[in-house]
Every structure is written in C-alpha cells, then in structure tokens.
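I have placed the structure first, in the form of structure tokens, so that the comments after it can refer back to it.
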Amino acid sequence: MDKRIKKSKKAIEEALISLMAENDFEDITINSIAERADVNRGTIYLHYKDKFDLLEQCVERKIQELLTFCLPEGSGSYPSKTLLLRTFKYLEEYSFTYHTLLINEGVPTFRNKLLNVMKEGMREQLKLNGMNQNMNKEILIQFWSSAIIGAIEWWIMQSMPYPAEEITEQLWIILERNQIIPK
C-alpha cells in the first residue's frame with residue numbers, strides 16, 4: 001500500500017476514534033472526521049463507503065493488530081502466560097483506543113468481534129478432558145469466552161486498577177484451576 005494512502009487512512013481512523021471518545025458514534029459526521037483528520041471528505045469516500053464502513057474497517061484493523069502483536073506466528077496453538085501478559089501490556093499501551101472502542105454507546109461491534117475471535121480460538125484449542133470431559137463444548141466455549149472478554153473489558157473500563165502482571169496471574173490461575181489450559 002502506498003505510504004500516502006496508509007498515512008491518510010491512519011489519520012482518518014485516529015480522527016474517528018478521538019471523536020468517539022467525545023461523542024456517540026451516531027452524532028459523528030463525515031465532515032467532522034474529515035476536519036479532525038485534516039483531509040477532504042472525498043479522501044474519506046475514496047477509502048470508505050460511509051462512516052459505518054470506516055468503523056467496520058477500523059475495528060477489523062484494531063483486532064488484527066491486537067492478534068498480530070499478541071499471538072505472533074509460531075507461538076504455538078495453546079496460549080501461554082507470557083502471551084497473556086503480552087496481551088495485557090499491549091492493551092495497557094493502547095488503552096485510549098481500546099477503551100474508546102468499548103465504551104461508545106453506538107458501537108457494540110468491537111466487543112462482539114473480540115468475543116467471536118475468542119470463541120473461535122477456544123473452539124480450535126479447547127480439549128474436553130479431566131473435569132470438563134462430560135461438558136457440552138459449545139456451552140463451555142460460550143461461558144469462558146464471555147468471562148475472559150468480560151474480565152478484559154472490566155479491567156480496561158476501570159482504568160486498569162491492577163497491573164498487567166497481576167491480572168495475568170489471576171486469570172491464569174483461574175484458567176488452570178478450571179482445566180481450560182494445560183498445566
């Protein structure tokens with residue numbers, strides 16, 4: 001991708017996120033995004049159909065960035081405590097963005113996509129053995145995915161009341177105790 005296109009798209013997405021921190025998504029206009037990004041309206045329409053397409057692509061990009069950073073290729077199929085800590089450190093570093101995407105009233109898109117990514121990952125990795133061997137796999141996946149995303153969401157929404165190391169340790173203990181990850 002051309003550097004100018006990357007730069008424009010980045011400015012447009014950053015403008016959207018900063019505006020979402022101040023306003024409900026429904027109240028944001030293409031004009032306000034263009035003004036904040038210091039681009040013409042036409043530049044936005046060159047890359048996005050409308051503000052909903054912009055939001056969709058922005059959410060997709062932020063989830064992809066999170067996954068790329070936190071689950072690098074070759075990291076193995078099962079999560080590790082190191083990767084979980086890496087995820088919390090990443091969320092800490094980019095807390096403004098992820099907090100904004102989670103709190104905006106008109107945008108359940110981000111949380112829903114994050115939940116779906118978590119469910120897919122668990123579907124591929126979860127083995128029903130030990131105390132979970134007689135469980136319905138889909139119910140277990142739904143429960144644990146919602147619990148983990150809920151804990152992440154709570155941590156971000158409460159302005160990260162515990163350091164990344166502590167929440168990682170606590171979640172890891174919970175996952176081990178419930179045989180969701182191998183010891």
Open item on the list: My understanding is that only residues two or more places apart in sequence, or in another chain, count here; which of them pass side chain to side chain contact (heavy atoms under 4.5 Å, CB included) with Glu35?
Closed with: none
Task: Criterion side-chain contact (heavy atoms from CB on, under 4.5 Å) on Ile167 and Trp154, from CA distance to verdict - done: CA-CA 11 Å; Ile167 192 161; Trp154 165 82; 4.2 Å; yes
Open item on the list: Phe52: which residues meet the ring-ring contact (aromatic ring centres under 6.0 Å, His included) condition with it, sequence neighbours left out?
Closed with: Phe25
Open item on the list: I'd like to know if Glu13 pairs up with Lys9 as an ion pair, taking the criterion as any Lys NZ or Arg NE/NH1/NH2 lying under 4.0 Å from an Asp or Glu carboxylate oxygen.
Closed with: no
- [ ] Mind checking salt bridge (charged side-chain N to carboxylate O under 4.0 Å, His left out) for Lys119 and listing every partner two or more places apart, or none if nothing turns up?
- [x] none
Task: Pairs meeting criterion salt bridge (Lys or Arg N to Asp or Glu O under 4.0 Å) with involvement of residues 48-59, two or more places apart - done: Glu56-Lys113
- [ ] Can you sort out the partners of Glu166 under salt bridge (charged side-chain N to carboxylate O under 4.0 Å, His left out), two or more places apart, ordered by chain and number?
- [x] none
Open item on the list: Go through it in stages, so that I can follow the logic: the residues are Phe110 and Leu55, the test is side-chain contact (heavy atoms from CB on, under 4.5 Å), and I'd like the CA-CA distance, side-chain angles, deciding distance and then a yes or no.
Closed with: CA-CA 9 Å; Phe110 180 72; Leu55 176 64; over 6 Å; no
Open item on the list: According to side chain to side chain donor-acceptor pair (under 3.5 Å), who are the partners of Ser18, at least two apart in sequence or on a separate chain?
Closed with: Arg36
Task: Any donor-acceptor pair under 3.5 Å from Asp2 side chain to Arg4 backbone - done: yes
Task: For Glu165, all residues meeting side chain to side chain donor-acceptor pair (under 3.5 Å), sequence neighbours excluded - done: Lys89
TODO: With sequence neighbours excluded, tell me which residues meet side chain to side chain donor-acceptor pair (under 3.5 Å) with Asn31.
DONE: Arg41
TODO: Mind checking side chain to side chain contact (heavy atoms under 4.5 Å, CB included) for Ile156 and listing every partner two or more places apart, or none if nothing turns up?
DONE: Leu91, Tyr98, His99, Leu102, Ile152, Met160
Task: Listed partners of Tyr94 passing ring-ring contact (aromatic ring centres under 6.0 Å, His included), at least two apart - done: Tyr90
Open item on the list: Using the ring-ring contact (aromatic ring centres under 6.0 Å, His included) criterion, which residues pair with Phe88? Sequence neighbours excluded.
Closed with: Trp155
Task: Sequence-distant partners of Glu120, side chain to side chain donor-acceptor pair (under 3.5 Å), two or more places apart - done: Arg123
Task: CZ on Arg61 to OG1 on Thr68, rounded to 0.5 Å - done: 11.5 Å
TODO: Check for a donor-acceptor pair, side chain of Ser32 on one end and backbone N or O of Thr29 on the other, with a separation under 3.5 Å.
DONE: yes
